[in-house]
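Sequence positions, counted from 1, serve as the residue numbers for this chain.
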Amino acid sequence: MRRLLALAAALLALRPALATDPYAFFDWDVSYVTAAPLGVKQQVIGINGKFPGPVVNITTNWNVVVNVLNDLDEPLLITWNGIQHRKNCWQDGVLGTNCPIPSGWNWTYEFQVKDQIGSFFYFPSTSLQRAAGGYGGIVVNNRDVIAVPFGRPDGDITILIGDWYNKNHTDLRKMLDKGKDLGMPDGVLINGKGPYRYNDSLVPAGIEYETFNVHPGRTYRIRVHNVGTSTSLNFRIQGHNMLLVETEGSYTTQQNYTNLDVHVGQSYSFLVATDQNASSDYYVVASARQVNESLWRRVTGVAVLRYSNSRGPAAGPLPDPPQDRDDRSFSMNQARSVRWNLSAGAARPNPQGSFRYSSINVTQAYLLRGTAAAPARSGGRRRAALNGLSFAPPETPLRLADAFGVEGVYTLDFPERPPARGGAPRLARSVINGTYRGFMELIFQNNDTRMQSYHMDGYAFFVVG
């Protein structure tokens with residue numbers, strides 16, 4: 001491992017200069033801390049002693065330097081969800097391109113948020129550590145010379161929502177290794193805290209909840225990220241419309257929602273006007289979707305929106321979730337309603353949408369069929385698969401193998417189509433062979449009975465259908 005880290009350091013030293021744009025430096029000590037977000041004390045992953053971690057607030061084209069000390073008792077990688085890593089994927093923090101940081105070691109990530117804006121988040125990418133925390137928001141602001149397609153908000157609020165288990169992530173990992181399902185989570189956290197006690201029978205006393213303090217007559221930008229492991233959540237603020245303006249680095253056409261389904265890994269940015277009366281506080285709710293809502297009623301995250309002139313606590317029933325018999329159709333139609341703002345500039349003055357899908361020459365196309373986790377043909381552990389293959393990360397990361405001519409680390413024979421026959425997934429180190437400056441079309445097909453979420457990392461991806 002030391003030799004691999006030395007190779008990585010040598011590779012980092014060979015990177016091209018990152019110009020003269022400003023630098024932002026962060027020092028993180030990633031360690032276990034004790035918390036009880038749902039009333040049960042457990043070991044969670046904190047950054048500099050805090051859970052969740054800090055918001056990384058930077059601006060377009062800045063160079064970001066994050067020195068990470070791994071004080072966990074197992075290897076660690078941090079990935080930057082949605083941040084493009086142009087020609088420096090070894091900073092991306094995923095197995096296959098990075099060596100994990102050994103316990104007691106540090107690694108300095110260095111990358112540039114070149115030509116990017118928007119709302120993203122980071123999280124630990126290996127060993128189910130994300131189920132224990134270690135995550136936080138990323139805000140990439142526009143440069144002052146680039147117009148924003150809405151007025152300057154009076155405040156900026158990051159909201160992290162996600163399912164949560166009272167078991168430690170190591171116990172959850174053992175369950176998966178034994179072929180078991182994780183089952184229903186114990187709750188939903190909002191910014192690492194449990195639900196406000198809106199119902200005495202569903203929420204025990206003594207749980208700390210999140211409060212968002214606002215002033216009347218103002219407009220706030222609220223960035224919502226689903227940082228959970230497997231549960232789609234419907235997000236809503238009692239009595240308030242949410243004007244969608246951006247998602248994961250792209251400005252959208254502006255339209256109001258009373259609620260929006262936010263699936264695992266997704267990030268949305270809303271403008272919320274504090275234009276209601278202050279007779280009481282208001283509920284902020286994240287509830288499970290595409291499940292039996294009567295059984296999952298206790299798995300609901302509840303925070304409080306408090307006006308500075310509020311005259312009392314929130315009370316009464318929570319605002320209703322979408323009343324639709326077919327949750328999947330409702331969620332799909334919501335997703336289809338989100339449109340790119342083709343007239344707005346983003347990180348550069350030219351409008352977004354410079355590419356027209358009909359005129360793009362697609363050079364490669366893959367149909368990727370996901371299958372439910374099943375015992376692999378070797379190893380016996382539960383593994384999900386794409387096109388019948390379950391990736392087994394090699395000891396030497398792919399990028400280092402390329403840089404130093406190490407052969408036999410992986411193969412370039414990933415199938416373009418699913419196999420004709422099913423069966424248990426096969427472990428492989430098979431990689432899609434991309435063409436430099438080409439356009440690749442990836443079609444995802446879900447044969448599972450549950451929602452699937454994919455982490456498309458490091459590049460610019462465009463949803464076209």
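The backbone N or O of Ile45 sits nowhere less than 3.5 Å from a side-chain atom of Gln43 that would complete a donor-acceptor pair. In this structure, Gln112 contributes its side chain and Asn63 its backbone to no donor-acceptor pair below 3.5 Å. Side-chain atoms of Asn226 come within 3.5 Å of backbone atoms of Thr231 as a donor-acceptor pair (strictly under, hydrogens ignored). In this structure a side-chain-to-backbone donor-acceptor pair under 3.5 Å is missing from Ser267 to His225. In this structure, the side chain of Ser119 does not engage the main chain of Tyr268 through any donor-acceptor pair within 3.5 Å. Panel note: side chain Asn168, backbone Thr170; no donor-acceptor pair is recorded below 3.5 Å. Checked by atom type and distance alone, the side chain of Gln42 pairs as donor or acceptor with a backbone atom of Tyr165 at under 3.5 Å. Using modelled atom types, no side-chain atom of Glu208 and backbone atom of Gly194 make a donor-acceptor pair closer than 3.5 Å. Side-chain atoms of Asn387 come within 3.5 Å of backbone atoms of Leu367 as a donor-acceptor pair (strictly under, hydrogens ignored). Within the 3.5 Å criterion, the main-chain N or O of Arg328 finds no donor-acceptor partner in the side chain of Ser331.
Residues that satisfy the salt bridge (charged side-chain N to carboxylate O under 4.0 Å, His left out) test with Asp156, not counting sequence neighbours, are Arg223. In terms of the side-chain hydrogen bond (donor to acceptor under 3.5 Å, both in side chains) criterion, Thr59 has no residue partners (sequence neighbours excluded). By the side-chain hydrogen bond (donor to acceptor under 3.5 Å, both in side chains) test, Asp171 pairs with no residue at all, sequence neighbours left out. In this view, Asn142 and Tyr251 satisfy the side-chain hydrogen bond (donor to acceptor under 3.5 Å, both in side chains) rule, not counting sequence neighbours. The salt bridge (charged side-chain N to carboxylate O under 4.0 Å, His left out) check on Arg369 picks up nothing, with sequence neighbours excluded.
Counted by atom type alone, Asp261 and Ser232 present zero donor-acceptor pairs between their side chains at under 3.5 Å. Looking only at atom types and distance, the side chain of Tyr257 has a donor-acceptor partner in the side chain of Ser337 under 3.5 Å away. Side-chain N/O atoms of Asn234 and Arg236 include a donor and acceptor closer than 3.5 Å. Using modelled atom types and a 3.5 Å distance limit, the side chains of Thr247 and Gln266 yield no donor-acceptor pair. For the residue pair His263/Ser453, the side-chain donor-acceptor check at 3.5 Å is not satisfied. Under the 3.5 Å distance criterion, with hydrogens and angles disregarded, a donor-acceptor pair is assigned to the side chains of Asp163 and Thr229. Side chains of Asn141 and Asn57: a donor-acceptor N/O pair is present below 3.5 angstrom, by distance only.
The ring of Tyr122 has its center closer than 6.0 angstrom to the ring center of Trp28. You'll find the ring centres of Phe51 and Trp164 inside the 6.0 Å limit. Under the 6.0 Å cut-off for aromatic ring centres, Tyr109 and Phe111 do not qualify, their centroids lying 6.0 Å or more apart.
Counting all heavy atoms, side chain and backbone alike, Thr60 lies closest to Val140 at N-CG1, 3.8 Å. Listed here is the closest heavy atom pair of Asp413 and Ser430: OD1-OG, 2.7 Å.
Between the OG1 atom in Thr108 and the CG atom in Leu69 there is a gap of 10.0 Å [rounded to 0.5 Å].
Residues Pro397 and Thr97 have side chains not in contact (no heavy-atom distance under 4.5 Å, counting atoms from C-beta outward). Counting heavy atoms from C-beta outward, Val284 and Phe235 have side chains that approach closer than 4.5 Å. Under the 4.5 Å side-chain criterion, counting only non-hydrogen atoms from C-beta, Ile83 is in contact with Gln116. Proximity of Leu260 to Phe270: side-chain heavy atoms (C-beta onward) are separated by under 4.5 Å at one or more points. Side-chain contact between Leu72 and Ser103: absent, with no pair of heavy atoms (C-beta onward) separated by less than 4.5 Å. In this structure, Met184 and Val299 have side chains that are in contact, with non-hydrogen atoms separated by less than 4.5 Å. Side-chain contact check for Phe212 versus Asn191: some heavy-atom pair is nearer than 4.5 Å.
Counting non-hydrogen atoms of other residues, nucleotides and ligands closer than 6.0 Å to NZ of Lys167 gives a total of 12 or fewer. Residue Met332 places its CE atom among 12 or fewer non-hydrogen atoms of other residues, nucleotides or ligands, all under 6.0 Å distant.
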Listed pairs under 3.5 Å, donor-acceptor, residues 74-81 side chains, sequence neighbours left out:
{"from": "Glu74", "atom 1": "OE1", "to": "Arg173", "atom 2": "NH1", "distance (Å)": "3.4"}
{"from": "Glu74", "atom 1": "OE1", "to": "Arg173", "atom 2": "NH2", "distance (Å)": "3.0"}
{"from": "Glu74", "atom 1": "OE2", "to": "Gln129", "atom 2": "NE2", "distance (Å)": "3.0"}
{"from": "Glu74", "atom 1": "OE2", "to": "His169", "atom 2": "NE2", "distance (Å)": "2.7"}
{"from": "Thr79", "atom 1": "OG1", "to": "Asp92", "atom 2": "O", "distance (Å)": "2.8"}
{"from": "Thr79", "atom 1": "OG1", "to": "Asp457", "atom 2": "OD2", "distance (Å)": "3.1"}
{"from": "Trp80", "atom 1": "NE1", "to": "Gln91", "atom 2": "O", "distance (Å)": "3.3"}
{"from": "Asn81", "atom 1": "OD1", "to": "His455", "atom 2": "NE2", "distance (Å)": "3.0"}
{"from": "Asn81", "atom 1": "ND2", "to": "Gly265", "atom 2": "O", "distance (Å)": "3.3"}

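Geometrically, Arg130 engages Phe123 in a cation-pi contact, judged by NZ or CZ lying under 6.0 Å from the ring centre and within 45° of the ring axis.
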